[in-house]
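Everything on this sheet refers to the single structure shown next.
Count residues from 1 along the sequence.
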Amino acid sequence: MIPIRRIHVVVVTLLLGFGLTAAALAQGAEEQSSQSRRPAGSVTVQVNPSSVPENGGEVELFAIVRDDRGRPLADAQVNFLTQTGSLGSGGRLVTTGPDGGVTDRLTVTAAELAAVEENRFWLAVAVGSGGRQLVTEDVAVRIQRQPEAAFKYSPGGLLVAFRDVSAGQVTSRQWDFGDGATSTRQSPSHTFAEPGYYAVTLRAANSVGADEVTRLVWVGRGPETGD
């Protein structure tokens, strides 16, 4: 069920960040509603694609506004909002067509995505419903980040168990145990021929890129630990 007339903190923050107050948007919709007598009841927003690579890209935005009876609402004033990237509308109000739909485009750069700590950022759309209220909807856009390779190991004599603890989404991995043996498993175990230090490398990759890490691993009896 589409949430109706819910006011999110993220939306209020974005409104203030663009210098557009909720009261101003709602007042404009109240004037519109007094003429059409059809207040907005819901708004739904879609993004395509739903994720962007960390080196930047574009997202197409599409919103549908419906009245309090679930019918498409034409000539509704809509505001797309974001704190990451730039909008084709420049954050200005845009008007729905006869089908209640309206579009916008978001462009994000690598520098803007690098400033986002999480693996996603938020978009929002707001439309006045009359009576100085806002109907809002927000949606997350996922950031496709290159993984950061990391692993741990558990010594057990010549048999050593390895664990991939890489950050980010990993779709493929390549282990090199430093003695000529390799593996593509997530958490492989490997038996070395003799004690000593081995340079073990893990290469973790996804569709964005790859990263690798090498650690000197002690093989044999002793106090060495992989954590």
Checklist line | V200 vs Y153 side-chain heavy atoms within contact, under 4.5 Å | finding: no

Check: Could you give the distance from CZ (R66) to OG1 (T96), rounded to the nearest 0.5 Å?
Finding: 11.5 Å

Check: Which pairs with one or both residues in residues 77-87 pass salt bridge (Lys or Arg N to Asp or Glu O under 4.0 Å), sequence neighbours excluded?
Finding: none

Next item on the list: For residues N206 and Q144, determine if any side-chain heavy atom of one lies less than 4.5 Å from a side-chain heavy atom of the other.
Entry: no

Notebook entry, point to check: Taking all atoms of both residues into account, what is the closest heavy-atom pair of Q169 and R142, and its distance?
Noted result: OE1-NH1, 3.9 Å

Check: Which pairs count as salt bridge (Lys or Arg N to Asp or Glu O under 4.0 Å) when at least one residue sits in residues 195-214, sequence neighbours excluded?
Finding: R203-E212

Check: How is the hydrophobic cluster of V208 composed, in terms of its other members, when Ile, Leu, Val, Met, Phe, Trp and Tyr link through side-chain heavy atoms under 4.5 Å apart, directly or indirectly?
Finding: none

Note to self: As an exercise, state the distance from CG of L61 to OG1 of T82, rounded to the nearest 0.5 Å.
What the structure shows: 8.5 Å

Next item on the list: Would you mind reporting whether T182 and Q174 have side-chain heavy atoms less than 4.5 Å apart?
Entry: yes

Margin query: If hydrophobic clusters are built by linking Ile, Leu, Val, Met, Phe, Trp and Tyr wherever their side-chain heavy atoms come under 4.5 Å apart, do V213 and V217 end up in the same one?
Written below: yes

Next item on the list: Not counting sequence neighbours, which residues clear side-chain contact (heavy atoms from CB on, under 4.5 Å) with S166? List them please.
Entry: A149, D164, V170, L202, A204

Notebook entry, point to check: Taking the side chain from D176 and the backbone from T201, do they hold a donor-acceptor pair closer than 3.5 Å?
Noted result: no

Next item on the list: Group every Ile, Leu, Val, Met, Phe, Trp and Tyr by side-chain heavy-atom contacts under 4.5 Å, then state whether V102 and I64 land in the same group.
Entry: no

Margin query: When you compare the side chain of Q46 with that of N48, does any pair of heavy atoms fall below 4.5 Å?
Written below: no

Checklist line | Counterpart residues, side-chain contact (heavy atoms from CB on, under 4.5 Å), relative to S86 (two or more places apart) | finding: T107

Notebook entry, point to check: Is the shortest heavy-atom distance from the side chain of L81 to the side chain of W122 under 4.5 Å?
Noted result: no

Margin query: Is the shortest side-chain heavy-atom distance between V219 and V160 below 4.5 Å?
Written below: yes

Check: Under the 4.5 Å side-chain heavy-atom rule for ILVMFWY, direct or indirect, which residues accompany L159?
Finding: none

Checklist line | Heavy-atom pair with the smallest gap, counting every atom of V141 and S51 | finding: CG1-CA, 4.2 Å

Margin query: Could you go through V108 and V59, starting from their C-alpha distance and side-chain angles, then the distance that decides it, and tell me whether this counts as side chain to side chain contact (heavy atoms under 4.5 Å, CB included)?
Written below: CA-CA 8 Å; V108 289; V59 175; 5.7 Å; no

Note to self: Ignoring hydrogens and geometry beyond distance, is a side-chain donor-acceptor pair present between Q77 and T95 at under 3.5 Å?
What the structure shows: yes

Next item on the list: Could you check if a side-chain atom of L123 sits within less than 4.5 angstrom of a side-chain atom of V45, using non-hydrogen atoms only?
Entry: no

Check: Got a sec, which residues hit side-chain contact (heavy atoms from CB on, under 4.5 Å) with S183, two or more places apart in sequence or on another chain?
Finding: W175, F177, R185, P188

Margin query: What's the separation between atom NE2 in H190 and atom CG in D179, rounded to the nearest 0.5 Å?
Written below: 3.5 Å

Check: Which pair of heavy atoms, one from F80 and one from A63, lies closest together, and at what distance?
Finding: CZ-CB, 3.8 Å

Checklist line | Straight-line distance of Q146 CD to S207 OG, nearest 0.5 Å | finding: 10.5 Å

Check: What pairs with T109 under side-chain contact (heavy atoms from CB on, under 4.5 Å), at least two apart in sequence or on another chain?
Finding: A111, E112

Check: Residues two or more places apart in sequence or in another chain: which of them pass side chain to side chain donor-acceptor pair (under 3.5 Å) with T103?
Finding: none

Note to self: Can you list everything that forms a salt bridge (Lys or Arg N to Asp or Glu O under 4.0 Å) with E118? Sequence neighbours excluded, please.
What the structure shows: R120

Item checked: Note, W218 side chain near L216 side chain (heavy atom, < 4.5 Å) -> no

Check: Roughly how far, to the nearest 0.5 Å, is CZ of F162 from OG of S187?
Finding: 11.0 Å

Check: Can you name the nearest heavy-atom pair linking A40 to V127, along with the distance?
Finding: CB-CG1, 4.1 Å

Check: Looking at OG of S42 and CG of L73, how far apart are the two atoms once the value is rounded to the nearest 0.5 Å?
Finding: 9.5 Å

Next item on the list: Can you see which heavy atom on A205 is nearest to which on A210, and at what distance?
Entry: CB-CB, 3.6 Å

Next item on the list: Could you tell me which non-hydrogen atom of V94 sits nearest to which non-hydrogen atom of S89, and how far apart they are?
Entry: CG1-CB, 3.9 Å

Next item on the list: Can you run down the salt bridge (Lys or Arg N to Asp or Glu O under 4.0 Å) pairs that involve residues 85-109, sequence neighbours left out, and say none if there aren't any?
Entry: E58-R105, E60-R105

Item checked: R71: partners by salt bridge (Lys or Arg N to Asp or Glu O under 4.0 Å), with sequence neighbours left out -> D67

